[in-house]
Structures are given as C-alpha cells and as structure tokens.
4 protein chains.
Amino acid sequence: MSNRKREILDVAIKLFNEKGCINTSTRHIADDLGISVGNLYYYFKNKEEIIIYIYQTFMDEVSTRITLLKDDDIAFDYYEFLIDQMDFELNYRFIRLEMNNIISKYPSVKEAFQKGIQIKLKQMKNLFLHQIKYGYIKEIEDIELEFIISNSWIIITQWEIFWIINNIKDERVRREKGVLNLLYFMKPYLTTKGLENSNLLTSIKYLEKGTK
Amino acid sequence: MSNRKREILDVAIKLFNEKGCINTSTRHIADDLGISVGNLYYYFKNKEEIIIYIYQTFMDEVSTRITLLKDDDIAFDYYEFLIDQMDFELNYRFIRLEMNNIISKYPSVKEAFQKGIQIKLKQMKNLFLHQIKYGYIKEIEDIELEFIISNSWIIITQWEIFWIINNIKDERVRREKGVLNLLYFMKPYLTTKGLENSNLLTSIKYLEKGTK
Amino acid sequence: MSNRKREILDVAIKLFNEKGCINTSTRHIADDLGISVGNLYYYFKNKEEIIIYIYQTFMDEVSTRITLLKDDDIAFDYYEFLIDQMDFELNYRFIRLEMNNIISKYPSVKEAFQKGIQIKLKQMKNLFLHQIKYGYIKEIEDIELEFIISNSWIIITQWEIFWIINNIKDERVRREKGVLNLLYFMKPYLTTKGLENSNLLTSIKYLEKGTK
Amino acid sequence: MSNRKREILDVAIKLFNEKGCINTSTRHIADDLGISVGNLYYYFKNKEEIIIYIYQTFMDEVSTRITLLKDDDIAFDYYEFLIDQMDFELNYRFIRLEMNNIISKYPSVKEAFQKGIQIKLKQMKNLFLHQIKYGYIKEIEDIELEFIISNSWIIITQWEIFWIINNIKDERVRREKGVLNLLYFMKPYLTTKGLENSNLLTSIKYLEKGTK
DNA sequence: CATGAATGAGCTTTCATTCAT
DNA sequence: GATGAATGAAAGCTCATTCAT
C-alpha cells in the first residue's frame, strides 16, 4: 500500500474517532491531510471503500493479536489480553460506536462486519472450551455458552458508550472501566481453580486502585 | 402538551425507528404528518429539541413502568418485566442504536441521556438490593455490584446491534434473543432460592423453544 | 403550476437551447433566475424531472397545435402548418439536438420520448392517409408509407444540425431552410391534383426568395 | 502516426461509440488501453484533439471508400454502397449522435465537421449529376437538387436516433432499417430506366425480408 | 516515452433553518 | 397557528488537465 493511501486511512481513522464517521466528510479528511479531494478519490473510489479498508486493517491487526492457546493446562492471561485488546480497539472506537449508522448507510460494509464477527465469535468459543476443558471455567451447556459469548461480544464492543454517557472523559480511565466490565462479567463463570490460578482477581484489584 | 406537538413526536419516533434518526429530515417528518415544515418549527425550535422531547417521553414511560417492589419477600418476575420492558424499548430503538451519533451531533441531548441513565441505574440497584436482602440473589460487594449493573445496562440497551449484524431480520425474534441475553446474564447471580422461586429458568426454557 | 415553477422551466429551456442541456448545470439555472439552488430543488426533485416537465410542456403544445383534419376533400395547408410547427419547435431545439445524450443520461426521459414519438407518428400517418384518400398524395404501399413517415420524422426533427454545421447562423434563416427541406421531401409524393391545389409549390417559391 | 497514437484513437472510438463521447473520460480511455493518463496527454494535447483526430480518420476512410464513378452509362450500385457505407459509419456513430454536444463543447471540432460536410456534399452531388446524365434519375432543378442532397445527408447521418427511440435494440437490425430509409427516400427520384436497371428495388425487397 | 500523483473547479443533491404572509 | 417559498452551506463525487520524476 502506498504511503499516501496509508496516510489517508490514518487521518480518516483519527477523524472518525474524534468526530464520528458520519460527521466526517471526505473533504475534511483531505483538508486535514493537506491534499485535494480529487487526490483522495484517486486512492479510494468512495467513502465506503475507505471504511472497508479501515475495517480490514482492523481485522488484520486483530488476527495478529490472537492469543493462540495451545492445548496445554494453562490459565488464560486476562490482564495482558484485555489491556492489549482494548487499547488497540480504542483506535477503532468509531466502528463499535457507529456500527448501526454505518451499516444502514453503507450496505457493503455490513457484509464485512458480518464476516468479522463470525471470526471473533469462533475465537471466543475456542477460548471458553479450552478453559472449560482444563477446569478453569465451569461446565456450561452449549446453548448457555452461546449466549455468554454473545454477551461477551456486546460488553467488549459496547461498553464505551456507557462510560461516555456517564461522563468519564479520560479515554484511559474509560478503557480501564471497560476492562473491569469484562473481568467482572467473567468472574461468575470461573471455577475455584480458575479464580486461584488465573490473574482475573488480581487484575480486578490492580485496576480498581487505578480507577479510584 | 398540544395534540399537534404529540403527533409530531409520534411521527418522528416512527420514522426515526424505521430509517434512523440521522437519515430522517425535518421535511420528512412534516410530510408524513401532512403539515408544513414551518409549522413543525413552530412547535419545536430545532431537530435537537424534538429528540430531547422524545427522550423525555421515553423516560416518562419508563417511570410509569417501574415495577415498584415493596419491601416484601417476593421473587422478581423476570419474564413479565423483561418482555414488557423490551417490547416498549423497541419503540425507541433508535435511541440505543444511534446514541453515539446523536450525542456527537446534538450535544444538549447528551445531558438528557445522562440524567436518564442515573434514574435507570438507581432503579436497577434497588432491585438488586431487594433481591439480595431476601436471598434471591447472592451477596455481592458494592463495587462488583456497580459493574454488574453497568453490564446489565450495556446488555439491555445494546443487545440489538449484535443480532442485527448476525442477520436476525425478524424484530420479534431479535427481541426474544435480547431477553435471553439478559436472563442468561442474570443467572449466575441467583441463589438456589432464587433459581427455584423466580421464573428465570422457566422463562429461559419457554423462550428457547420459540427461538428455535 | 406555480409561477416560480414556470419561471424555472422557462429559464431552463432558454439555457438548454443556448448552451445545451448537458452543459447547463442546475446552478446555472438557479443563478440565471437569481434564486438559490436549494430553491430550485424545492420545485423539482432533480434535473431529470425538469427535462421531463419541459418535454411534457412541449408535447402539450404540440397537441393544441394539431391541425385536425376533418374527413373533407381539402388540401393540406403546408405553409401555415410547417411555419407554425417549426417556429414553435425552435423553442425546444435542444430536445432534438441532444436527444441521444439526454436519453443515455436520463433513462426515464427515454420513456417520455417514446410515448411522444408514437403520438407524432400516428398523426402523420392520419394526415397521409387523408391526403391519399382525396387524391392529393399518390397511392403508397403500407410498408413504404411507414418509411416515408420515419423519413419525415427524421427530417422534421434533425434538419437543424445540418444548417448549423453549414454555418447558417441566423435562426430564422435556418428555420426557413428547414421548412424547405420538408416541402421538397414531400414534393415527389404529391399527385398532379395535389401539386395544383395545395400550396406546396407556392410555399417553396415564397420561401426560396427569402432564403436568397 | 505512431502505433501508440493509433491505439489511443482506436480505444477512444470504441468507448465513444459504446458509452458516448461525453460520458467517456480521458482516464477511462487510458485505463482501457492500460497506459497512464499522463502518457495519453503526451500524444494528444487534450480531449478535443482526440476527437478531431478521430474525425480526420473518419474522413480519410470516407475518401478511400468513394465509389468513383467513371463517366460511363452505368447504374449506381445502391446495395453495395449503402451496406458498406452504413456498416462503416456504425464505427463512428457517436459523431452523428452527439454532434451537437460535441460542437458546443469543443468549438474547434466544428470547423473540422464543416470541412468534412463540404466534401461529402460534393460527392453526393456528382453522383446525382452522373445518374441524371444517363437517365437513371429524373431531371431536377438545381435548387431542388440542393435540398434533396441536404435531405440525403440528414437521413444518412441521423436515421439511427429514430430507431433507437423506437426501441430497436439490435444494432444490425437498426442499420438495415437505416438503409431502407435511404432507399425509400431515393425511390421517387428514379426514372423507369433507373428502377429497372439499378438494384434499388431488389435491395428493398431483400432487406424487407430480413427486417421482418 | 511513460508514469501516476495531484489539482481545483464543477456537478447534482440534501437539509436544517428562517421568515413574510 | 399554519403555510411554503427561500436560503446557503455542505455533502459525495467526477473530470480534464498538469507536472515532477
């Protein structure tokens, strides 16, 4: 990918996160970069394509970040995973926050989202099954597991709007709250072994100090 | 409130839910009602005010719907409450789905949202404390309770986007999935007494049949 | 139709004829009239609609101009009909001259054109049949008649481009040449009775003087 | 002319005929050929020049195609001439169909057209005079001949728009109709000798079968 | 010869809002 | 109360053309 294309995407991501994707015009992006609109359209055939490229970048980064769990008796590292994950997701906040508006305005983006979500859900299921197998997470019936996973997805992607409305203005603080949201969500599903051997509880304690 | 004002709000709500708030123009609302744009602006000074009024209507209805729990030893009626609650929330879906865009475009709406969320959270907390007091829900430390409640809010308000992206096209089916999301979310917090005496488990079973 | 709507159409017709329909932007029209573009779009939902309205106006005027031939033994008045017809057609020159470009850019205009042409062809056929019946025009086989009529249409609608390229700059002179094109085209089909009793030959003579 | 220049013209002609000259961008031409826009502008200083070159190519081919009638007593071969002529004109349809737009957008193209038309008219006149001399076509006064020739030009160049609007979608069928337009146009001017000795009538019969 | 990045003006269209009547 | 004409800014996008390399 050419440098300029990268630059456009970077500026677009920045502005989308700052002001919202819907509220950011192609001219805004061009102006911010100091190029002409025509030039922007030389690299991308329309705004939809910009969004799709951003989403692909996002998904690519997601893939490289996957904690590949080998089939070993090892507890999941909640802290590292979540801090890392959410930190990086902040760079693409607009995707979660404006998902519905984006979908209804740019239909082909919806397809990209649908593919992306399938991958995420599979990864999450594998993670759960692994932790169940080695006794870190309690046995769960399959149908319940499906809903636990969808609840995880909802919390992972939608926590931020809650803290925005609750007027937490510091992005970093928000993110820590978001991590706590997920840690507390997971807590009841852990076995005694899970609570004793994973870093879930210590992570909670560590983050709660920071939050105060 | 004058009849006309009410009519405008009703049409606005209808269109916002159908096509999205951002995609619905003031002219569109006026046309649908069969009045002039000028007249619409006689009743509301701008689009922002319409949204705020809708949100107030929404909050008012929320209040009247509150299951006022007396201080009695009685299990919470999950089924009736959630079905009723979510059914009614469908009438204001756009608020949840476009929350972020609305906030960033109409800053004064944010304040209304902030007030509204405080009320909701207080209600939810009372409910939890009541059920804990009578042994239907496990004892929970205060800080954990805060996050359980924020997680509840996130799931209650944000479940729909998950099922939309997962291509569940029937609104009714989506809503039932949403109810299941919350029921499964609550399940681990219930005591044995809670599981035996509340209708949470039977509600789950009942809804799972329908969903298939 | 409101005055403003009429004004917009009039300015549009003027500019379309002067600079071409394709080369005239909606902003040109608005500027020429001294109104805002927004206002123009208040009256017409898009440029296509403007064109269709113009074409309808055109066809309506065509209808009122139809020489309704009763079933009497009377020679067709070439002069009055053609001078009148072509004079008025000058006001809508762009339709003939840019037909192909308009059709390919505004598909729904094509349908309007198609309907219009059918009416025209029917009228022309009736006229021929009437003149044949009373011996002013020679007997013609049906299939030949079809092609004579299509040739008439081609000449009636497309003569102007010939005289433009041949550098006849005066619109009035061009029109007289156009009339002569059609008179000469008709000439071979007239019977002796036709030549003696209609004003075709005298019209030719009259116009030729003017042209020189 | 360099090969590359030729290639550009060929692609331009192809695209102009397919999608219209006005609707074909320089970038489109370059892409179709697989060269850069910059390179295209190395060979032609602007789009206008491309059109002029195409028109010159067109006129050159016209010249080579001229049936040079020697001063012999021989009937004109309508069929071969017209099929050949119109077949080849299909390759430059856009010139006839968009003539007016092209002229008003690219004024210097107009001059080229003007020169071209003069040549054509002269050829046609020679042809008529030759056939009159040997009694195939009736005697015609000079001024009438001028108009017959201009009518021929109009029909030869403008027939297609009629059949396009009449929804004849097959190019080949359209062309045959166009040939018939001209054959029928010529018919009344032929003498008995002309009708008996030329292939005009047989051509008509032959083509009418195909058209049905 | 050839590339392809860059420009800037222009296009059609939408929309919240105002205001004279 | 009610109308609806009017505004002007802004949106997404296209295109002929230029120019450094």
Side-chain angles (χ1 to χ4, degrees), chain A residues 2-5 7-8 22-31 33-50 105-106, chain B residues 2-5 22-31 33-50 105-106, chain C residues 2-5 7-8 22-31 33-50 105-106, chain D residues 2-5 22-31 33-50 105-106:
Chain A
S2 77
N3 272 1
R4 188 40 60 91
K5 205 162 180 175
E7 283 172 355
I8 294 171
I22 301 294
N23 299 323
T24 302
S25 71
T26 49
R27 190 159 266 131
H28 285 155
I29 299 171
D31 285 354
L33 231 181
I35 64 171
S36 64
V37 216
N39 198 201
L40 187 150
Y41 277 89
Y42 175 77
Y43 290 98
F44 297 95
K45 77 173 207 281
N46 51 33
K47 195 176 168 185
E48 196 163 11
E49 200 175 270
I50 296 178
K105 202 157 182 181
Y106 305 105
Chain B
S2 77
N3 270 3
R4 186 44 54 96
K5 208 161 179 175
I22 300 296
N23 300 322
T24 301
S25 69
T26 48
R27 197 176 184 187
H28 205 115
I29 298 169
D31 284 356
L33 228 182
I35 65 170
S36 66
V37 214
N39 198 201
L40 187 150
Y41 274 85
Y42 174 80
Y43 289 99
F44 298 95
K45 78 172 207 281
N46 52 31
K47 197 176 170 185
E48 196 162 11
E49 201 175 87
I50 296 177
K105 202 157 182 178
Y106 306 105
Chain C
S2 76
N3 272 2
R4 188 39 60 91
K5 204 162 180 175
E7 282 173 355
I8 293 171
I22 302 292
N23 300 322
T24 301
S25 71
T26 48
R27 185 158 270 130
H28 286 155
I29 300 170
D31 285 353
L33 231 180
I35 63 171
S36 66
V37 217
N39 198 202
L40 187 151
Y41 276 87
Y42 176 78
Y43 289 97
F44 298 95
K45 77 172 204 281
N46 52 32
K47 197 177 168 184
E48 195 162 13
E49 200 175 271
I50 296 178
K105 200 156 181 180
Y106 305 105
Chain D
S2 76
N3 271 2
R4 187 41 58 92
K5 207 162 180 174
I22 300 295
N23 300 322
T24 301
S25 69
T26 48
R27 195 174 184 190
H28 205 113
I29 299 170
D31 283 356
L33 229 181
I35 64 169
S36 66
V37 215
N39 198 201
L40 187 150
Y41 274 85
Y42 174 81
Y43 289 100
F44 299 94
K45 78 172 203 278
N46 52 31
K47 196 175 171 184
E48 195 162 14
E49 202 175 87
I50 295 178
K105 201 156 182 179
Y106 305 105

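All of these numbers come straight from a predicted model, not from anything done at the bench. In what follows, every chain begins at residue 1, and chains take the letters A, B, ... in the order their sequences are listed.
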For B:K105, the side chain to side chain contact (heavy atoms under 4.5 Å, CB included) test, sequence neighbours excluded, returns A:N23, B:I22

Here the distance between atom P of E:dA2 and atom CZ of D:F44, to the nearest Å, is 13 Å

Next item on the list: Look at all strands and tell whether C:H28 reaches a base, only sugar-phosphate, or nothing, counting heavy atoms closer than 4.0 Å.
Entry: sugar-phosphate

CD1 of A:I50 to CG of A:N46, rounded to nearest 0.5 Å, is 8.0 Å

Rounded to whole Å, CG of A:D31 lies from P of E:dT7 at a distance of 11 Å

Taken to the nearest whole Å, CG/D:N3 to P/E:dA2 is 11 Å

Margin query: Is C:S36 close enough to F:dT7 that one of its side-chain N or O atoms is under 4.0 Å from OP1 or OP2 there?
Written below: yes

Hits for side chain to side chain contact (heavy atoms under 4.5 Å, CB included) against C:Y42, two or more places apart or cross-chain, chain-then-number order -> B:R27, C:N39

Rounded to the nearest 0.5 Å, the CG atom of A:N3 sits from the CD1 atom of A:I8 at a distance of 11.0 Å

Distances under 3.5 Å only, N/O to N/O: pair up the protein atoms with those of nucleotides 12-14 of chain F.
residue	atom	partner	partner atom	Å
F:dG12	OP1	A:K47	NZ	3.1
F:dG12	OP2	A:T26	N	2.8
F:dG12	OP2	A:T26	OG1	3.4
F:dC13	OP2	A:Y41	OH	2.7
F:dC13	OP2	A:K47	N	3.0
F:dC13	N4	A:R27	NH2	3.3

Taken in chain and number order and not counting sequence neighbours, the residues that satisfy side chain to side chain contact (heavy atoms under 4.5 Å, CB included) with A:E7 are A:R4, A:L33

Rounded to whole Å, the CG-P distance (D:L33 to E:dG4) equals 14 Å

With the side chain defined as heavy atoms from C-beta on, A:I35 is closest, among F:dA5, E:dT3, E:dT7, to E:dT7

(Q) Is the phosphate of E:dT18 approached by B:Y42 (side-chain N or O, under 4.0 Å from OP1 or OP2)? (A) no

Strictly distance-based, threshold 3.5 Å: is any side-chain N or O of C:K47 a donor or acceptor partner for the main-chain N or O of C:T24? yes

Between the OG atom in A:S25 and the CG atom in A:L40, the distance rounded to the nearest 0.5 Å is 9.5 Å

Sorted by chain and number, sequence neighbours left out, ring-ring contact (aromatic ring centres under 6.0 Å, His included) with B:F44 holds for B:Y53

Between CD1 of A:I29 and C1' of F:dA10 the distance, given in whole Å, is 15 Å

In whole angstroms, the gap separating P of F:dG1 from NZ of B:K5 amounts to 11 Å

Annotated structure of DNA chain F as dot-bracket, pair cut-off 3.5 Å, Watson-Crick or G-U only, | for inter-strand, is .||||||||||||||||||||

Comparing D:Y43 with A:R4, nearest DNA chain E nucleotide closer to 5' gives the residue D:Y43

C:E49 meets the salt bridge (charged side-chain N to carboxylate O under 4.0 Å, His left out) criterion, sequence neighbours left out, with C:K45

Out of F:dG4, E:dC1, E:dA6, minimum distance to the side chain of A:N39 belongs to E:dA6

Rounded to whole Å, CG of A:N23 lies from C1' of F:dA9 at a distance of 15 Å

